[in-house]
Peer 1: 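Would you mind keeping the following structure in view while I ask a few things?
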Amino acid sequence: MGQGGGYGGPLEAAGVCQWRIPRSYREDMRVEGLIFADDALIEQIKKDQGPEQVVNVATLPGIQKASLAMPDIHWGYGFCIGGVAATDPEQGGVISPGGVGYDINCGVRLLRSNLEWTDVKERVRPLVDRLFHDIPTGMGQRGRFVFDKPELVRLMEQGASFVVKKGFGTERDVEFAEAGGRLDGADPGRVSDRAIARGADQCGTLGSGNHFLEVQVVDRVLDPAAAEVMGLHEGQVTVLIHSGSRGLGYQVCDDYLKVFKNAPKKYGFSLPDWQLACAPVRSPEGQDYLGAMRAAANYAWCNRQLLTHQAREVFAAVLGKPWESLGMDLVYDVAHNIAKFEEHDVGGGVRKEVCVHRKGATRAFPPGHPEIPAAYQEVGQPVIIPGSMGTASWVLAGQPGSMIHSFGTSCHGAGRMMSRTAAVRLAEGRRIDRELDAIGIIARARGHKGLAEEQPAAYKDVDLVVDVVDKVGISKKVARLRPVGVIKG
DNA sequence: ATGTTC
């Protein structure tokens, strides 16, 4: 199940930046595959097993319309990263932990400020140093917020508002998070004691891998009207936080992959890859996972909220002003590893409630959608796309094309194009932190390996990825953000 | 992504 070898199957040009894998490719496909990419990106995409995974997902019971992949597609556990799949519970549709990802509700949130880059330029090093000192980063790190089991149960039921009520944020933070920072139907009773134990002291910690907290400057505004609504302007300082549900979510995923092992035999279907382990939405196993996944998702929103609180505290301490007077409001918070029930057109004008798996993919609801905050009704949902370390990030706005093409979904990042081991090999004898420093980015990390794995050369060009979703009409460019400081695991 | 193999 490795990443070795490329994809040798068909890819038919199917419109602007779309590539179809027809059902004729493999007889077990229930729907076609569809990948969003331009001519250059599709060549890169073919180099790993991502497209074959799109085909594998197309065999899942109850899948609707097409197995989709965004331009940042690359190989992942079972499902590709950048994958989107909607299943119909009425037709035996399944829920799959591999379609959500190990890091349940991994996501990003963007904070704006009223600080201008020209005013804080000289303070960036102390700012980044203090962020790195105060915010726990790296694998297995514990934080200053420790919750006992009864508190964690309430935290997982209530989501972001639980920690806001404790004084670590505002009601406005809750309003500007996807789903209000809380999925309904969370069932902490379906989260193992082991997962809960792992989560006890990790809420408010960054983690490792591609997780980061970045200080940025708005580099370019491409849609002035939308940027104004989002409170963004050129030269402004922003903060981007990328993290998920830490060890708790990992354990939930691991626990249910084991539970689902026997589901194909029990419910009478077969899978081309055991990593696609899944169970019908309407089965006890499926419902148990959904309850646990939602609980872990709510934990992740609390995690990003506590990280927000700590970032605000650091800015206040270093700049000597309360964070409120620094205008550090939440622009928006998006989940990019999650499964949600939403109503969509599944073809021929038929609307159904489907289970949308987004694994390394971001919801991108268009203007007028009832599930986005009143403030963004006119411009569409902010879609926040973190670039790789040392490269730009993007703010997009959801567009009507997302509802037509991709179950209301856009890309989630640059997308890895080199394995972690290959990236480490490439970094031998180099100091990535010094290379970043030379281009004006202060990077603090616990070790060189993490920096090596996340070096810019290991990722696709985020600008090209964003071009694709913009061209297809899934989401449009609003602003480009460039990093000036980053802390990592 | 992950107390990187309970």
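Letters A, B, ... mirror the listed sequences (proteins, then strands); counts begin at 1. Computed from heavy atoms alone, side chains included, the values below leave out hydrogens, waters and symmetry copies.
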Peer 1: List the atom pairs, with distances to 0.1 Å, where a side-chain N or O of residues 384-392 of chain A and a protein N or O form a donor-acceptor pair under 3.5 Å, not counting sequence neighbours.
Peer 2:
{"residue": "A/Ser388", "atom": "OG", "partner": "A/Thr391", "partner atom": "OG1", "Å": "3.0"}
{"residue": "A/Thr391", "atom": "OG1", "partner": "A/Ser388", "partner atom": "N", "Å": "3.1"}
{"residue": "A/Thr391", "atom": "OG1", "partner": "A/Ser388", "partner atom": "O", "Å": "2.8"}

Peer 1: For A/Met139 and for A/Arg416, locate the closest nucleotide of DNA chain B by heavy-atom distance; then report the residue assigned to the nucleotide nearer the 5' terminus.
Peer 2: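 Its nearest nucleotide being more 5', the pick is A/Arg416.
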Peer 1: Would you mind telling me which of A/Asp103, A/Ile104, A/Thr362 makes a side chain to side chain contact (heavy atoms under 4.5 Å, CB included) with A/Asn337?
Peer 2: A/Asp103
Peer 1: Answer with base, sugar-phosphate or nothing: what part of the nucleic acid does A/Gly209 contact at a heavy-atom distance below 4.0 Å?
Peer 2: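 Sugar-phosphate only.
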Peer 1: In whole Å, I'd like the distance from the CG atom of A/Asn105 to the C1' atom of B/dT2.
Peer 2: 16 Å
Peer 1: Do A/Gln251 and A/Ser192 come close enough that some side-chain heavy atom pair is under 4.5 Å?
Peer 2: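 Yes. Closest side-chain heavy atoms under 4.5 Å.
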Peer 1: Could you tell me how far apart A/Asp193 (CG) and B/dC6 (C1') are, to the nearest whole angstrom?
Peer 2: 16 Å
Peer 1: Does the side chain of A/Ser208 get closer than 4.0 angstrom to OP1 or OP2 of B/dT4 through an N or O atom?
Peer 2: no
Peer 1: Which whole-number value in Å describes the distance from A/Arg142 CZ to B/dT2 C1'?
Peer 2: 16 Å
Peer 1: Calculate the interatomic distance between A/Tyr77 atom OH and B/dT4 atom C1'; express it in whole Å.
Peer 2: 15 Å
Peer 1: When all nucleic acid strands are considered with a 4.0 Å heavy-atom cut-off, which category describes A/Gly247: base, sugar-phosphate, or nothing?
Peer 2: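 Sugar-phosphate contact only - A/Gly247 comes under 4.0 Å of backbone atoms but never of a base.
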Peer 1: Please report the distance, rounded to the nearest Å, between CD in A/Glu454 and P in B/dT4.
Peer 2: 18 Å
Peer 1: How many whole angstroms separate atom CG of A/Leu257 from atom C1' of B/dT5?
Peer 2: 15 Å
Peer 1: Using whole Å, report how far CG of A/Asp201 lies from P of B/dT2.
Peer 2: 14 Å
Peer 1: Please state how far atom CZ in A/Arg446 lies from atom P in B/dT2, giving the value in whole angstrom units.
Peer 2: 13 Å
Peer 1: Base, sugar-phosphate, or nothing: which does A/Gln202 touch, judged by heavy atoms less than 4.0 Å apart?
Peer 2: sugar-phosphate
Peer 1: Report, one line per pair, each donor and acceptor closer than 3.5 Å where one atom sits in a side chain of residues 405-414 of chain A; sequence neighbours left out.
Peer 2:
{"residue": "A/Ser406", "atom": "OG", "partner": "A/Ser402", "partner atom": "O", "Å": "3.3"}
{"residue": "A/Ser406", "atom": "OG", "partner": "A/Thr409", "partner atom": "N", "Å": "3.4"}
{"residue": "A/Ser406", "atom": "OG", "partner": "A/Thr409", "partner atom": "O", "Å": "2.6"}
{"residue": "A/Thr409", "atom": "OG1", "partner": "A/Arg358", "partner atom": "NE", "Å": "2.8"}
{"residue": "A/Thr409", "atom": "OG1", "partner": "A/Ser406", "partner atom": "O", "Å": "2.8"}
{"residue": "A/Thr409", "atom": "OG1", "partner": "A/Phe407", "partner atom": "O", "Å": "3.0"}
{"residue": "A/Ser410", "atom": "OG", "partner": "A/Ser475", "partner atom": "OG", "Å": "2.9"}
{"residue": "A/His412", "atom": "ND1", "partner": "A/Asp72", "partner atom": "OD2", "Å": "2.5"}
{"residue": "A/His412", "atom": "ND1", "partner": "A/Gly360", "partner atom": "O", "Å": "3.1"}

Peer 1: In terms of the nearest nucleotide of DNA chain B, which residue is placed more toward the 5' end: A/Asp254 or A/Leu206?
Peer 2: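 It is A/Leu206, whose closest nucleotide lies nearer the 5' terminus.
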Peer 1: Could you grab the distance from atom CZ of A/Arg246 to atom OH of A/Tyr299, nearest 0.5 Å is fine?
Peer 2: 7.5 Å
